[in-house]
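One structure below.
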Amino acid sequence: MQLAHRPTAALGHYLTPTPTGFSLHMSASPRNLRTVRGLTEATLLGAGVAPDLVDSAQLVLSELYGNAVHACGDYVPLVAEVESAAAGVWVRLHDPDRRRFPRRRGVQLDDSAAESGRGLPLMDLLAPGWDVTPTPVGKQICCLVRPGGG
């Protein structure tokens, strides 16, 4: 899917295509999560990114999205940025709460007794070295998803 290089607006989101990906301003909702996942898939596959790397990027983005909704609430304004690069896929998510940063809770991915908390260990596996930075309007979580998960 070739994106036009001009911004487009729709109910609940504002899309800005870039030469290697996109930036999507949106309010967090189930519909917009489907939109950003589909856009991620179409954009990355169109750029020749391997399907398994596309799946990993979608998973990381979904985890960041879910964490932002959990921390900030439904319909929080978010900005998702996805871009393909030689080293992998950059995934960035901005949310407006600079007071709450993701915390690693020590849950193991294979802990059958854990009811939650696997998302950040999964991000550590798929995008090791992910980083959180305060911004003037909240915070940005930045991840490089590499082929082979590391």
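Judged by distance alone, the side chain of Lys139 and the main-chain N or O of Asp97 form a donor-acceptor pair under 3.5 Å. In this structure, the side chain of Asn32 engages the main chain of Ser27 through a donor-acceptor pair within 3.5 Å. Within the 3.5 Å criterion, the main-chain N or O of Leu33 finds a donor-acceptor partner in the side chain of Tyr65.
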Practice problem: Determine, step by step, whether Leu15 and Phe22 satisfy the side chain to side chain contact (heavy atoms under 4.5 Å, CB included) criterion, reporting the C-alpha distance in whole Å, the side-chain angles of both residues, the deciding distance to 0.1 Å, and the verdict. | Solution: CA-CA 7 Å; Leu15 172 65; Phe22 64 87; 3.7 Å; yes
Practice problem: Evaluate the criterion side chain to side chain contact (heavy atoms under 4.5 Å, CB included) for residue pair Asp131 and Ile141; output intermediate values, then yes/no. | Solution: CA-CA 6 Å; Asp131 190 33; Ile141 301 176; over 6 Å; no
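Counting only heavy atoms from C-beta outward, the side chains of Val145 and Val91 approach each other to under 4.5 Å. Side-chain contact between Ser23 and Val79: present, with at least one pair of heavy atoms (C-beta onward) separated by less than 4.5 Å. Contact check for Val137 versus Pro96: no side-chain heavy atoms found under the 4.5 Å cut-off. Residues Val36 and Met26 have side chains in contact (heavy-atom distance under 4.5 Å, counting atoms from C-beta outward). Side-chain contact between His25 and His94 is absent, with no heavy atoms from C-beta onward closer than 4.5 Å.
In plain terms, the two heavy atoms of Ala68 and Leu78 that are nearest each other are CB-CD2, 3.6 Å. Heavy atoms only, all atoms of each residue included: Gly88 and Leu53 are closest at CA-CD2, 4.2 Å. The minimum heavy-atom distance linking Ser29 with Tyr75 is given by the pair CB-CE2, 3.7 Å. Residues Ala57 and Leu44 share a closest heavy-atom pair of CB-CD1, 4.0 Å.
Distance OG/Ser56 to CG/Leu61: 12.5 Å, rounded to 0.5 Å. Taken to the nearest 0.5 Å, the SG atom of Cys143 stands 5.0 Å off from the CG atom of Leu64. Atom CD of residue Glu81 and atom CD of residue Gln140 lie 6.0 Å apart, to the nearest 0.5 angstrom. Distance check: Thr35 OG1 to Leu39 CG gives 8.0 Å after rounding to the nearest 0.5 Å. Considering OG1 of Thr40 and CG of Asp55, their distance stands at 11.5 Å, rounded to 0.5 Å. Rounding to the nearest 0.5 angstrom, the gap separating the NE2 atom in His70 from the CG atom in Asp95 is 12.5 Å.
Cluster partners of Trp90 are Leu144, counting Ile, Leu, Val, Met, Phe, Trp and Tyr whose side-chain heavy atoms approach within less than 4.5 Å, directly or via other members.
Val76 and Tyr14 end up in different hydrophobic clusters when Ile, Leu, Val, Met, Phe, Trp and Tyr side chains are linked at under 4.5 Å.
Under the rule for a side chain to side chain donor-acceptor pair (under 3.5 Å), Gln58 has no partner lying at least two apart in sequence or in another chain.
Under 3.5 Å, the side chains of Arg98 and Thr135 contain no donor-acceptor pair of N or O atoms.
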